[in-house]
Number of protein chains: 2
Amino acid sequence: MNLPIYRHLFNQLKDKILRGELKPGDMLQSENELAQQYSTSRLTVRKSLSMLDNEGFITSFPGKGYYIIEPDHSKYILLFNELNSGSKNNLYSKLLGVNATNPDAAICQKLQISCNHKVVVILRLLYSNEGPIAYDIKYIPYDRGRPIVEKAIEYAALPDMVAKKSSPFAIKKELCIYIDKSNPEINKSLCLHESEPLLVVEQSLYDYENKPIGLGKTYYGGEHGKIRAYSNMRE
Amino acid sequence: MNLPIYRHLFNQLKDKILRGELKPGDMLQSENELAQQYSTSRLTVRKSLSMLDNEGFITSFPGKGYYIIEPDHSKYILLFNELNSGSKNNLYSKLLGVNATNPDAAICQKLQISCNHKVVVILRLLYSNEGPIAYDIKYIPYDRGRPIVEKAIEYAALPDMVAKKSSPFAIKKELCIYIDKSNPEINKSLCLHESEPLLVVEQSLYDYENKPIGLGKTYYGGEHGKIRAYSNMRE
DNA sequence: AAGTGGTCTAGACCACATC
DNA sequence: ATGTGGTCTAGACCACTTC
């Protein structure tokens with residue numbers, strides 16, 4: 001035990017919120033009142049309150065006070081990495097092919113390039129000990145001096161393929177999850193007998209000026225197509 | 001302009017990180033050094049650094065210093081509300097039916113209740129000006145004094161239906177996205193001619209003791225089955 | 001022993017909201 | 001005029017790491 005004062009106050013206030021004693025819209029005591037009650041300084045109280053703010057429980061208005069927030073129930077955290085599927089099973093990756101081609105119009109549009117712009121296409125099969133899991137395809141515009149190392153191609157997730165340049169923080173990502181029919185190529189790789197609807201996770205990567213720098217599609221077969229997300233409430 | 005000092009320092013450091021001048025693993029200058037350089041106090045420096053910490057750029061180790069973090073490229077933010085589909089189109093809700101029944105074994109298992117436990121089942125159709133979007137079904141265990149108001153049934157999202165008791169913060173959510181075939185009932189509502197694979201968003205709600213308090217499934221027809229998520233990089 | 005971050009105090013001045 | 005939160009100072013002591 002022997003928590004720091006700010007931790008103690010934080011826990012007490014958070015508890016009141018979680019138990020419903022403090023409801024959305026309610027105003028908290030002022031910083032000075034809390035400082036007196038807990039026999040501490042204003043800074044220590046502010047530390048507790050800023051933590052509650054960071055975790056989405058309260059906001060403050062200059063000259064007015066602190067208020068309990070109306071929680072946003074639509075927000076979820078989604079963890080997605082095509083090479084690390086929820087860490088439930090070991091996932092392996094096998095390179096099926098790499099080539100530089102002119103992709104079709106839909107891909108060109110998504111990458112915001114002209115149709116004669118060369119694109120590196122990387123095909124991979126993702127599988128576990130029990131068999132194939134997903135068919136994975138990446139499109140990376142081929143330009144400037146951006147080398148793609150062989151090892152990266154087989155064992156890297158999309159962000160790590162393209163984020164070599166500049167900073168790994170200067171990257172924006174977008175995910176789109178939808179249904180698409182499999183094609184003969186995918187059927188063969190995933191051991192499907194006929195064309196089936198598959199769950200597709202499409203990953204778009206942009207640099208800091210919003211220029212597309214990579215596009216990935218992962219087609220999950222049968223029972224493997226389950227994407228999960230969680231509320232970000234602290235443990 | 002005239003930003004506060006801590007804001008100024010925060011921006012400068014964040015810029016260095018985004019431009020790649022500071023890379024993952026690099027150590028920052030010490031609090032005292034930064035305080036001297038910016039002719040300010042240690043507290044002001046600490047404010048900047050704690051903001052960078054909160055936004056996932058750096059960590060600190062007592063006795064050692066501050067270090068740039070290896071960013072987690074698998075983290076996404078997913079916004080889901082069955083009644084507010086990305087705010088692109090106005091979405092309406094029509095109540096198809098409400099009844100209290102004993103649901104099948106799969107539902108009972110997910111709600112962790114016995115098979116003779118009554119469950120309130122709510123069926124809704126979600127549609128826009130252009131036609132039906134999704135078929136929505138909720139399962140809420142019927143027990144204790146938890147009244148469900150009529151208006152809530154037609155116009156509320158699942159978290160708002162069940163979070164009346166205690167605090168709206170004391171709720172854990174889980175989302176699972178997968179493919180399922182439509183049944184005749186769904187076909188009729190969504191104007192489908194035959195059984196089709198649909199994108200399903202399954203929402204599980206738990207109270208603070210991890211007891212299930214609600215289950216929702218939303219079946220999206222055709223082109224409407226697109227779920228998006230974004231990296232949490234600021235603005 | 002010296003330097004680092006973690007916690008904390010006792011003040012100060014400001015812009016803002018309320019009355 | 002008073003109270004509120006927002007910013008900031010100049011100290012202090014502690015536990016920790018490194019040398």
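Reminder, nothing fancy here: chain letters follow the sequence lines and each chain counts from 1. FYI, side chains are in, hydrogens and waters are out, and symmetry mates aren't considered; it's all heavy atoms of this structure.
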Between [N] ([atom2]) and [X] ([atom1]): distance, integer Å:
| X | N | atom1 | atom2 | answer |
| --- | --- | --- | --- | --- |
| Leu9(A) | dT7(C) | CG | P | 14 Å |
| Gln29(B) | dG3(C) | CD | P | 16 Å |
| Glu31(A) | dC16(C) | CD | P | 17 Å |
| Asn2(A) | dC8(C) | CG | P | 10 Å |
| Tyr38(B) | dC8(D) | OH | P | 14 Å |
| Leu34(A) | dC8(C) | CG | C1' | 17 Å |
| Phe61(A) | dA15(C) | CZ | C1' | 16 Å |
| Arg7(A) | dT7(C) | CZ | C1' | 14 Å |

Which is true for [X] with a 4.0 Å heavy-atom rule: it touches a base, it touches only sugar-phosphate, or it touches nothing?
| X | result |
| --- | --- |
| Ser41(B) | base |
| Thr44(B) | sugar-phosphate |
| Ile5(A) | sugar-phosphate |

Please pick, from [options], the nucleotide with the shortest atom-to-atom distance to any side-chain atom of [X].
| X | options | value |
| --- | --- | --- |
| Leu43(A) | dG6(C), dC8(C), dT7(C) | dC8(C) |
| Arg46(B) | dG5(C), dA17(C), dC8(D) | dG5(C) |
| Ser60(A) | dC8(C), dG6(D), dT4(D) | dG6(D) |
| Glu33(B) | dT18(C), dT4(C), dT7(D) | dT4(C) |
| Asn32(B) | dT4(C), dG5(D), dT7(C) | dT4(C) |
| Thr40(A) | dT9(D), dT9(C), dG5(D) | dT9(C) |

Quiz item: Is the shortest side-chain N to carboxylate O distance from Lys211(B) to Asp207(B) below 4.0 Å?
Solution: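 So Lys211(B) does not pair with Asp207(B) through a salt bridge.
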Quiz item: Any luck finding a side-chain donor-acceptor pair between Glu31(A) and Tyr66(A) under 3.5 Å?
Solution: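 A donor-acceptor contact under 3.5 Å links the two side chains.
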Quiz item: Taking C-beta and beyond as the side chain, do Met161(A) and Leu158(A) meet within less than 4.5 Å on heavy atoms?
Solution: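 Side chain of Met161(A) against side chain of Leu158(A), heavy atoms only: contact under 4.5 Å found.
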Quiz item: If only side-chain N and O atoms of Tyr66(B) are considered, is one of them under 4.0 Å from the OP1 or OP2 phosphate oxygen of dG6(C)?
Solution: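 Yes, within the criterion.
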Quiz item: Has the side chain of Arg42(A) got a donor or acceptor that lies under 3.5 Å from a partner of the other kind on the base of dG11(C)?
Solution: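 Answer no: no donor N or O sits under 3.5 Å from an acceptor.
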Quiz item: In terms of the angle between their ring planes, are Phe80(A) and Tyr220(A) parallel, tilted or perpendicular, with boundaries placed at 30° and 60°?
Solution: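 It falls in the perpendicular class, over 60°.
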Quiz item: Got more than 12 heavy atoms from elsewhere within 6.0 Å of CD, Gln36(B)?
Solution: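 12 or below, so no.
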